[in-house]
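Counting convention: from 1, in listed order, for ligands and their atoms alike. Values below: all heavy atoms of this structure, side chains included; hydrogens, waters and symmetry mates excluded.
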Amino acid sequence: MLADSFFREDVITLAAVDEGKLVGYGFVAVALDDADLANIAVEAKYRRRGVAQGLLDRLEAQAAAAGAKRMLLEVRVSNAAAMSLYLKRGYAGLYARPRYYADGEDALVMAKDLESVAAQGG
Ligand SMILES: CC(C)(COP(=O)(O)OP(=O)(O)OC[C@H]1O[C@@H](n2cnc3c(N)ncnc32)[C@H](O)[C@@H]1OP(=O)(O)O)[C@@H](O)C(=O)NCCC(=O)NCCS
């Protein structure tokens with residue numbers, strides 16, 4: 001899925017690399033005004049060093065440059081780390097999607113206005 005996303009024109013994909021090794025990635029699908037953060041992940045031993053924040057910064061800037069006005073994402077309600085990251089980055093909860101995941105867990109849909117990101121030039 002990650003490899004395929006690099007070749008899709010409607011998907012912005014970024015990789016974080018340390019000494020030639022993939023340590024994190026994120027990708028965003030852009031459709032008109034909305035961008036959807038499909039996934040972001042950082043290898044366990046590289047966490048809490050700002051890698052995800054750096055990826056998110058660049059993904060938001062590139063999505064805004066591609067014309068998106070809003071970034072949307074779904075996060076598991078139990079995923080405190082991801083939710084903290086998104087809250088810190090200015091995302092706000094919109095609504096819950098009950099039993100969104102295959103194991104029955106609910107998702108929280110979060111969103112961030114990208115127009116301020118575009119105005120700041122990224
Ligand atoms: C969520 C994830 C991507 C965060 O990656 P990361 O590189 O560790 O995040 P950062 O270092 O950029 O953290 C930025 C901020 O997010 C918050 N945060 C990140 N991990 C956290 C944790 N475990 N507990 C609480 N807050 C956390 C903090 O506010 C942190 O800032 P600080 O370190 O200055 O306190 C990573 O934990 C991960 O890959 N998890 C598994 C995959 C996943 O759940 N992806 C999200 C799918 S919706």
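Residue contacts with ligand 1: E74 is placed with no nitrogen or oxygen under 3.5 Å of a nitrogen or oxygen of the ligand (distance criterion only). Note: an N/O pair closer than 3.5 Å links G50 and ligand 1 by distance alone. The shortest N/O to N/O separation between A82 and ligand 1 does not fall below 3.5 Å. Residue I40 places at least one N or O, backbone or side chain, under 3.5 Å from an N or O of ligand 1.
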**Request:** Applying side chain to side chain donor-acceptor pair (under 3.5 Å), run through E74 and Y100 and close with a yes or a no.
**Result:** CA-CA 9 Å; E74 284 98 15; Y100 178 77; 3.3 Å; yes

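The protein heavy-atom contact nearest to atom 37 (O) of ligand 1 is R47 CD, 3.4 Å. In terms of protein heavy atoms, atom 39 (O) of ligand 1 is closest to V42 N, 2.8 Å. With hydrogens left out, the protein atom closest to atom 13 (O) of ligand 1 is L85 CD1, 4.2 Å, a heavy atom. Atom 48 (S) of ligand 1 has as its closest protein heavy atom Y86 OH, 3.3 Å.
Using a 4.0 Å cut-off between heavy atoms, L56 makes no contact with ligand 1 at all. When heavy-atom distances to ligand 1 are checked against a 4.0 Å cut-off, Y25 has no atom that comes that close, whether in backbone or side chain.
Ranked by closest heavy atom to atom 27 (C) of ligand 1, the top entry among R48, Q53, E43 is R48. Which of S84, G54, A52 comes nearest to atom 2 (C) of ligand 1 through a heavy atom is settled by distance: it is A52. The nearest non-hydrogen atom to atom 32 (P) of ligand 1, considering only K88, R49, M83, comes from K88.
Note that OH of Y91 and CG of D113 are 10.5 Å apart. Values are rounded to the nearest 0.5 Å.
Look at E60 and K112 and you find a salt bridge, because one of the NZ, NE, NH1 or NH2 atoms lies within 4.0 Å of a carboxylate O, short of that distance.
The minimum heavy-atom distance between Q62 and I12, with the atom names listed, is OE1-CG2, 3.2 Å.
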